[in-house]
Amino acid sequence: MIETIATKPFDGQRPGTSGLRKKVTVFQQPHYAENFIQSIFNSLESFVGKTLVIGGDGRFYNKEVVQIALRMAAANGFGKVIVGQNGLLSTPAASHLIRKNQAFGGIILSASHNPGGPDGDFGIKYNASNGGPAPEKLTEAMFAHTQTIASYKTLRHADVNLDKIGHHTLGSMQVEVVDPVTDYAALMQTLFDFDLIRARIKSGLTMKFDGMSAITGPYGKHILEDTLGFAQGTVINGTPLPDFGGHHPDPNLVHAKELCDSVLSGNGPDFGAASDGDGDRNLIVGKGIYVTPSDSLAIIAANMHLAPGYKAGIAGIARSMPTSGAADRVAAKMGLKCYETPTGWKFFGNLLDANKATVCGEESFGTGSNHVREKDGLWAVLMWLNILAARKQSVADIVHAHWAEYGRNYYTRHDYEEVDLAAATNLMNGLRNQLPSLVGQHSIEKADDFAYDDPIDGSRTTGQGIRLLMANGARVIYRLSGTGTAGATLRVYIEKYESDPSKHNQETQSALANLITLSRSVAQIEKLTGRAQPTVIT
Ligand code: G1P
Ligand code: ZN
C-alpha cells in the first residue's frame, strides 16, 4: 500500500562536492533520509516504470537506508530496482551497472573515505543515466525541493531479503539482487591484459592491496587473488566492516600507513595499493617510491595504450584544477587537450560523454576513464599492473623515466581540518580581497578565483578556489572542502615544476619549503585559524 507521509523541510540538505554527507546521527532523525530521497525523485522527470540502481559502501546505516530507498522507489513508480547483494555496491560498480542496464539512474549510499560507525558519517548521492554524479543543475534542483518538501511517498511493506541473489517484487516494482562483483570484474577483463599480468605475477611480481575494511575487499580478492593469481593474503583488511575497523578508509600516506611503510621501506612487496570506503579512490606505491595521484594520472595517460581497452589511443585528458600540471605536459607532447575542471568528479561527465577526454584524475587519489562515470580505485590498480607487466620495469623505474622525459612537478596538499567555519570563510574572503594587489609580489604572475566554463553545455561554475600562479608553473591554491561534516577544512595545494633531472630526487616538503612558507603567510593561516601546522599532509 502506498502511503503519503507528511514531513517538514530540514535545513542544510544541499549536496556538496559529492552528494549529501552528514553525521549518521543527523541521517537517523525521523524523515531525514526520506526527505532527501523524495527531493531527488521530485527533481527527476519521466522515470515511471524505469530502472533504478541502488547500493552502498556498507557503512553503518547502509542497510536501513537501502530498505527506505527501495520502498520509496516502489511508491514513486519505478518499474525495477537493481540492488547489490546485502545492499553493497562500490561506487564504480554502481556506475557500471547503471550504464550496462541502461538504467534511469542510481542512488549510491556512501560517505566515501569519511569514517563510519554510529558516530561516523553517512551520505546519499544520485547518479544520472550516464552513470555519473548528478550535475550541479540537478543537485541544486534537489536542494530547492528539500526546502519546500511537505510529504513523501513510501510503501507499507516488510524489508526485502537482500542476503541472496535473486528476484523479488515490492508492490508492483521488481527487485533484482545482484552479485556486486561479477559485472564489474567482467568489465575489467575487457580493458586489461589479464594474461600478461598473470605472466608477470608468475615471474615473481608481488603486491599488497589494502581494502581498508571497506567495500573493495571482495572485489580485490576476486580479481587480484582468484582471477590474476596473486598469493592468498595479497588483499589485507579485505572484509567490509560497518565502522571500517574504526579507521578512516582513506587511502593516503597517513591512513594506509602500515601498507606504505612496508612497501616504501623496500623490504615489502614490489607494488602496494589501497582503495577507499566506496572503492573510487586509489593509492599507488612501489618499492621505495610513493606515486602522487597527479603523477599517476600523467604516467597512466602516457602509457595507457599498453592496455587493450585503450590501444587505439586517447581523445584527451582532464584534471581537476588543483591537480598538478604533470598531465598537461603529457597531453602537450601527445598533441592532445588537457581540460582543467573544478574539484569533483561530476565535472568530468560531460567531457567523457562527448569523448573529449578518455582519462581523468584528481590529486585527491582519484583516477578513472570513460569505462564508467566515476573515479575507479581498482581500475587504477589494474592499469598500473598492466603497465608494470608490459614495460617489465619497477614502479620506481617508470616514475623516474617519466620525470626524466617530462620534468617533475613537485606537489603537496596541506589540509587544515575542522577549522572554525567563520575563521575559514574570513580567511578565504581576505584572500579574495587581496587578489589584485598580490600580482607582482612573490613572483605571482596571476591571482584569481577559479571559474569554469563547461565546453559542452556552456554552464559557468564560479568560486572554485583561489589561485596564485607563479613563473614556470609554480602555484599555490586555496579552497574549502565541500565534503566535510564538521567545521571547515581548508585545503592548500602547493606545486612547483623542475625540469632538471639532477634535481628530481629531493624530498617533497623540502623542495617546496619556500612556497609552503609563502602559502601560510599570504593567507595568514596561523593568525586567522590558530593553526601553525596542517593536520594532514599528502
Ligand atoms: C574531496 C576531494 C575531491 C573529490 C571529493 C570526492 O572533495 O578534494 O577531489 O572529488 O573529495 O571524493 P573536497 O572535500 O575537497 O570538497
Ligand atoms: Zn570515495
Side-chain angles (χ1 to χ4, degrees), residues 16-17 21 112-115 121 247-258 260-261 264 274 276 281 283 285 290-295 320-324 343-344 362-366 409-432 434 438 442 444 447 449-450 464-470 474-496 506-538:
T17 313
R21 264 185 220 178
S112 188
H113 52 287
N114 294 17
D121 292 347
H247 301 296
H248 282 244
D250 194 2
N252 60 33
L253 296 170
V254 179
H255 297 301
K257 191 169 186 310
E258 206 185 311
C260 291
D261 285 351
L264 293 177
D276 72 327
R281 294 188 173 204
L283 166 80
V285 280
Y290 157 64
V291 188
T292 68
S294 296
D295 277 348
S320 67
M321 179 275 284
T323 303
S324 96
T343 295
E362 293 196 274
E363 51 64 43
S364 53
F365 301 84
N409 290 69
Y410 280 100
Y411 186 86
T412 190
R413 182 175 109 183
H414 288 197
D415 289 339
Y416 299 78
E417 295 177 320
E418 297 191 24
V419 170
D420 176 66
L421 181 59
T425 313
N426 185 23
L427 181 149
M428 291 300 287
N429 288 339
L431 277 169
R432 225 166 263 128
Q434 276 190 73
L438 281 171
H442 321 287
I444 298 171
D449 192 350
F450 181 64
Q464 294 300 306
I466 302 289
R467 307 193 294 178
L468 311 182
L469 307 175
M470 292 151 228
R475 308 189 296 171
V476 176
I477 291 147
Y478 305 85
R479 59 179 284 281
L480 297 186
S481 157
T483 57
T485 57
T489 291
L490 170 67
R491 304 204 195 283
V492 186
Y493 310 81
I494 300 147
E495 172 178 6
K496 150 184 147 177
Q506 299 168 59
E507 193 275 319
T508 300
Q509 302 302 314
S510 354
L512 294 169
N514 290 340
L515 284 171
I516 291 171
T517 310
L518 180 72
S519 78
R520 295 179 185 173
S521 62
V522 168
Q524 298 187 287
I525 295 178
E526 186 171 1
K527 182 168 166 223
L528 297 178
T529 68
R531 302 290 179 81
Q533 296 289 331
T535 7
V536 177
I537 295 181
T538 51

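Note that the structure is predicted; figures quoted are calculated from it, not measured.
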Is there side-chain contact between [X] and [Y], with at least one heavy-atom pair below 4.5 Å?
{"X": "C260", "Y": "V254", "result": "no"}
{"X": "R491", "Y": "Y478", "result": "no"}
{"X": "Q533", "Y": "R520", "result": "yes"}
{"X": "E495", "Y": "L515", "result": "no"}
{"X": "M321", "Y": "E362", "result": "no"}
{"X": "M428", "Y": "I466", "result": "yes"}
{"X": "L438", "Y": "V522", "result": "yes"}

Hey, could you give me the OG/NZ distance between S521 and K527, rounded to the nearest 0.5 Å?
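Going from OG on S521 over to NZ on K527, the span is 12.5 Å.
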
Is it the case that the side chain of [X] and the backbone of [Y] share a donor-acceptor pair, with hydrogens and angles ignored and the cut-off at 3.5 Å?
{"X": "K496", "Y": "A511", "result": "yes"}
{"X": "Y493", "Y": "H414", "result": "no"}
{"X": "Q524", "Y": "L427", "result": "no"}
{"X": "T323", "Y": "E363", "result": "yes"}
{"X": "T529", "Y": "R531", "result": "yes"}
{"X": "T517", "Y": "A513", "result": "yes"}
{"X": "E417", "Y": "A488", "result": "no"}
{"X": "S519", "Y": "V476", "result": "no"}
{"X": "T412", "Y": "T538", "result": "yes"}

Any chance you could lay out the side chain to side chain contact (heavy atoms under 4.5 Å, CB included) test for T489 and Y416, step after step, and finish with the verdict?
CA-CA 6 Å; T489 291; Y416 299 78; over 6 Å; no

Starting from the C-alpha separation in whole Å, work towards a yes-or-no answer on salt bridge (Lys or Arg N to Asp or Glu O under 4.0 Å) for R432 and D449.
CA-CA 7 Å; R432 225 166 263 128; D449 192 350; 2.9 Å; yes

Between D121 and R21 (salt bridge meaning N to carboxylate O under 4.0 Å), is one present in this structure?
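No salt bridge links D121 with R21.
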
Hey, are D276 and S112 close enough side-chain-wise for a donor-acceptor pair under 3.5 Å?
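On atom types as modelled, these side chains qualify, holding a pair under 3.5 Å.
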
Should the heavy atoms of other residues, nucleotides or ligands under 6.0 Å from CD of Q509 be counted, would the total exceed 12?
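Correct, the count exceeds 12.
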
Plane angle bin for H248 and H255 - parallel if under 30°, tilted between 30 and 60°, otherwise perpendicular
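Rings of H255 and H248: parallel, as their planes differ by under 30°.
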
